[in-house]
Amino acid sequence: MAEANTLSGNRGLMVEEPLIFEMGSPGRFGIDLPEPPPLDLDRLGGCRRAGPVGLPDLSEPQVVRHYTRLSQKNYGIDTGFYPLGSCTMKHNPRLSEKMARLPGLADLHPLQPQATVQGALEVIDSLADWLKGLTGMPAVAMTPAAGAHGEWCGLMAIRACLEDRGQGHRRRVLVPESAHGTNPASAALCGFTVDPIPAKADGRVDLAALKAKLGPDVACLMLTNPNTCGLFETEILDIAQAVHEAGAFFYCDGANFNAIVGRVRVADLGIDAMHINLHKTFSTPHGGGGPGAGPTVLSAELAPFAPLPFVVHGPQGFTLVEHAADTPESKPFGRVKGFHGQFGVFVRALAYIMSMGADGLRQASTDAVLNANYLLARLKDDLSPSFAGPCMHECLFDDSFLKDSGVTTLDFAKALIDEGFHPMTMYFPLVVHGALLMEPTETESRETLDQFVAVVRGLAAKARDGQAEEFKQAPRFTPRRRLDETLAARTPVLRWKPPAG
Ligand SMILES: *Cc1c(COP(=O)(O)O)cnc(C)c1O
């Protein structure tokens with residue numbers, strides 16, 4: 001296909017947008033304000049600005065167009081299919097958004113007297129009840145602000161508990177090689193050393209290798225279930241038993257909870273601590289960097305070490321326990337966040353849970369697994385599934401179907417962009433070569449999945465037919481093509497400077 005160059009740099013109605021600073025023209029205004037009265041300069045303590053602030057001067061229509069165009073440059077779950085494995089990019093119901101925007105919830109101040117925010121504390125308490133009920137776990141720390149933060153919170157509770165037992169020498173954390181990068185990072189941040197455990201050929205943890213690594217210096221195992229290959233760890237009961245027999249704790253990365261809600265009681269698996277990504281499983285718009293929330297459920301043994309603050313329900317209503325002195329029966333390891341946690345995300349999660357109901361939540365996880373298996377079944381002959389058999393909520397392929405085609409996983413993903421689909425997760429998990437990890441979620445229709453299947457199969461056929469050159473050109477229809485990602489990461493240009501002269 002010929003290169004489409006236009007005089008303007010625009011592509012169709014996709015408009016090339018300069019920085020707002022580059023568009024300003026001194027003296028142009030969108031509003032007409034009277035000259036301010038002269039200031040009493042003495043009150044500024046000598047901090048009076050010597051020159052202009054340097055903000056761009058624009059008219060109102062320029063500003064409106066600028067921000068409207070920028071808002072259209074985003075590809076999100078509201079614009080199209082987003083099968084980014086491990087991220088659970090599902091539809092976020094508008095009802096939850098509406099609840100989070102209710103003035104009585106959205107306009108609260110975290111320092112308001114507790115008597116005036118009893119309803120908000122009840123929201124936190126009710127959500128905590130649901131999370132305990134869905135996992136069967138006795139306690140939950142609500143304040144972590146993300147999945148990674150929840151991991152760190154769980155590990156801090158484990159560390160505090162070990163130190164309390166006089167076992168502070170337990171400093172080694174076992175992490176499967178397929179784990180999300182946040183797992184070893186959280187362990188390292190907690191002062192633990194990370195020891196990897198290999199996977200078996202079927203994509204699951206190698207129990208024998210795990211047992212061989214257990215010892216008196218092991219603090220815990222961090223296991224993801226279902227794991228990042230989209231597989232249920234079928235030996236999880238034996239894993240839990242082996243870990244506990246060695247005197248260690250069992251931390252579960254619960255980011256993939258969406259696959260098992262209402263079907264698996266986490267407590268029955270022998271798990272001591274697990275974070276839940278509310279923004280993934282219980283539906284909050286994410287992918288733009290937050291906010292999210294990572295409440296961490298805890299066993300009875302770890303519960304006393306949960307961080308402050310937490311909500312308790314007493315005869316006087318709901319109370320937020322803020323200080324260790326107010327909770328002599330427990331031993332909080334500290335605080336992980338200012339204030340109460342990500343309250344807006346709590347409201348969305350509770351609204352989602354209550355509108356779905358227990359039966360709806362179970363249906364959602366069932367459908368999430370069904371949709372992933374539908375993709376797997378329809379793509380398995382054209383792509384190369386990494387492991388035999390059905391999957392959980394996401395299906396994993398490696399790049400062997402691209403062998404000798406000259407096309408890489410990266411090229412394949414870029415070609416998907418031209419077709420109007422957000423690419424799947426690429427090159428993760430690391431345990432398979434050139435991974436392509438697809439998570440359709442339960443909210444996609446059969447029609448959308450069929451369109452996606454047709455495109456992926458078509459691209460696979462092009463790769464087989466030796467059309468590598470076309471893949472190398474992709475993406476062709478985006479405002480920017482292939483960026484130098486390394487340069488952008490190493491030398492980011494974060495500040496606009498006025499042109500010289
Ligand atoms: C998303 C994810 C995390 C990290 O969660 P954040 O909310 O992004 O911090 C950890 N583990 C797995 C398996 C995940 O998918």
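Numbering of ligands and ligand atoms starts at 1, following listing order.
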(request) Return the set of residues passing salt bridge (charged side-chain N to carboxylate O under 4.0 Å, His left out) with Asp202 (not counting sequence neighbours), or none when no residue passes. (result) Lys200, Arg204
(message) Check Glu163 with Lys331, please: is the shortest side-chain N to carboxylate O separation under 4.0 Å?
(response) no
(message) Can you pull out every side-chain hydrogen bond (donor to acceptor under 3.5 Å, both in side chains) where at least one residue sits in residues 128-153? Sequence neighbours excluded, please.
(response) Glu151-Thr182, Glu151-Asn183, Glu151-Ser186
(message) Ring-plane angle category for Phe471 and Phe412, please: parallel below 30°, perpendicular beyond 60°, tilted otherwise.
(response) parallel
Does ligand 1 have any N/O atom under 3.5 Å from a protein N/O, and what are those pairs and their distances?
| from | atom 1 | to | atom 2 | distance (Å) |
| --- | --- | --- | --- | --- |
| ligand 1 | 5 (O) | Asn277 | ND2 | 2.9 |
| ligand 1 | 7 (O) | Gly147 | N | 2.8 |
| ligand 1 | 7 (O) | Asn277 | ND2 | 3.1 |
| ligand 1 | 7 (O) | His279 | NE2 | 2.8 |
| ligand 1 | 9 (O) | Gly147 | N | 3.3 |
| ligand 1 | 9 (O) | Ala148 | N | 2.8 |
| ligand 1 | 11 (N) | Asp253 | OD1 | 3.4 |
| ligand 1 | 11 (N) | Asp253 | OD2 | 2.6 |
| ligand 1 | 15 (O) | Ser86 | O | 2.8 |
| ligand 1 | 15 (O) | Ser86 | OG | 2.7 |
| ligand 1 | 15 (O) | Lys280 | NZ | 2.8 |

(request) May I have all residue pairs that pass ring pair (Phe, Tyr, Trp, His ring centres under 6.0 Å) and include part of residues 181-205, sequence neighbours excluded? (result) none
(request) Salt-bridge test for Asp484 and Arg490: reply yes if a basic N is under 4.0 Å from a carboxylate O, no otherwise. (result) no
